[in-house]
Amino acid sequence: MLKIIISTMFFLCAANTYSSSQYYDLTIKEISLGYAGEGFYLGVKEDIQISDECANASFLMVSSSPMFNENYSMVLAAYMSGKKVGLYVNGCSGTRMNLKAVRVKDS
């Protein structure tokens, strides 16, 4: 029974890890809000490998995401101060990478 539980936990963790990506030490190039209030869009200066099946090298954090306001504040602060960011992505939101979390790093 213990082997089944451990195997199931490993499978669930591995599936979750596979579908997400992290990007480090990025410089924010542009920030924009969606016209329909869907969230904020984020572009970076560096060339990045696009996650999953997304067709666009930009990020979208939808307004219904947990801690949306806090993440948006961190993005604005990083942009204004020129700090590097780390971005956690999980799948796609339309053609863009679905942004889930932001980390600000001292340059």
Side-chain angles (χ1 to χ4, degrees):
M1 182 64 168
L2 183 59
K3 288 182 181 180
I4 293 172
I5 292 172
I6 292 173
S7 297
T8 303
M9 293 301 293
F10 178 75
F11 173 74
L12 292 174
C13 291
N16 189 28
T17 303
Y18 177 75
S19 65
S20 64
S21 300
Q22 294 186 30
Y23 298 89
Y24 299 103
D25 299 327
L26 300 176
T27 308
I28 299 171
K29 176 174 65 175
E30 62 183 345
I31 307 166
S32 61
L33 292 173
Y35 296 114
E38 64 270 20
F40 70 85
Y41 297 89
L42 182 64
V44 296
K45 291 181 180 178
E46 293 79 10
D47 290 328
I48 57 172
Q49 183 175 352
I50 299 173
S51 173
D52 295 330
E53 300 296 321
C54 307
N56 197 315
S58 63
F59 303 86
L60 169 62
M61 178 171 269
V62 295
S63 58
S64 60
S65 295
M67 298 185 69
F68 173 82
N69 290 331
E70 292 83 354
N71 280 296
Y72 185 53
S73 295
M74 288 175 63
V75 164
L76 290 174
Y79 180 70
M80 295 303 293
S81 66
K83 301 288 185 190
K84 300 278 187 176
V85 295
L87 304 175
Y88 172 75
V89 173
N90 193 355
C92 304
S93 185
T95 61
R96 291 173 170 81
M97 291 180 276
N98 188 26
L99 182 59
K100 290 296 190 180
V102 177
R103 176 184 57 87
V104 178
K105 181 180 178 183
D106 192 10
S107 298

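Reckoned from all heavy atoms, side chains included, excluding hydrogens, waters and symmetry mates. If you read the sequence from its start, that first residue is 1, and numbering goes on from there.
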Report yes if some heavy atom in the side chain of Leu42 is under 4.5 Å from a heavy atom in the side chain of Met61; otherwise report no.
no
Would you compute the distance between atom CZ of Arg103 and atom OH of Tyr24 and round it to the nearest 0.5 angstrom?
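Taking CZ in Arg103 and OH in Tyr24, the distance rounds to 6.5 Å.
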Worksheet entry | Approximate separation, where rounding is to 0.5 Å, of Gln22 CD and Asn90 CG |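 Separation between the atoms: 10.5 Å.
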Using side chain to side chain donor-acceptor pair (under 3.5 Å) as the criterion, point out the one residue from Asp106, Asp25, Thr27 that pairs with Lys84.
->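 Among Asp106, Asp25, Thr27, the one that satisfies the side chain to side chain donor-acceptor pair (under 3.5 Å) with Lys84 is Thr27.
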Heavy-atom closest contact ([X] atom, [Y] atom, distance):
X: Gly37; Y: Ser63; result: O-OG, 3.1 Å
X: Ala78; Y: Ile28; result: CB-CD1, 4.1 Å
X: Val89; Y: Met97; result: CG1-CB, 3.6 Å

Sorted by chain and residue number, the side-chain hydrogen bond (donor to acceptor under 3.5 Å, both in side chains) partners of Ser58 (sequence neighbours excluded) come out as Asn56, Arg96
For residues 67-77, tabulate all N or O donor-acceptor pairs below 3.5 Å that involve a side-chain atom, not counting sequence neighbours.
from	atom 1	to	atom 2	distance (Å)
Asn71	OD1	Val102	N	3.1
Asn71	ND2	Met67	O	3.0
Ser73	OG	Asn69	O	3.0

Applied to residues 30-85, the disulfide (SG to SG under 2.5 Å) test, sequence neighbours excluded, yields Cys54-Cys92
Identify all side-chain donor-acceptor contacts of residues 29-36 below 3.5 Å with residues at least two apart in sequence or on another chain.
none

Contacts satisfying ring-ring contact (aromatic ring centres under 6.0 Å, His included) that involve residues 44-65 (not counting sequence neighbours) are Tyr23-Phe59
Besides Tyr41, the hydrophobic cluster formed by Ile, Leu, Val, Met, Phe, Trp and Tyr side chains linked at under 4.5 Å, directly or via other members, contains Leu60, Val62
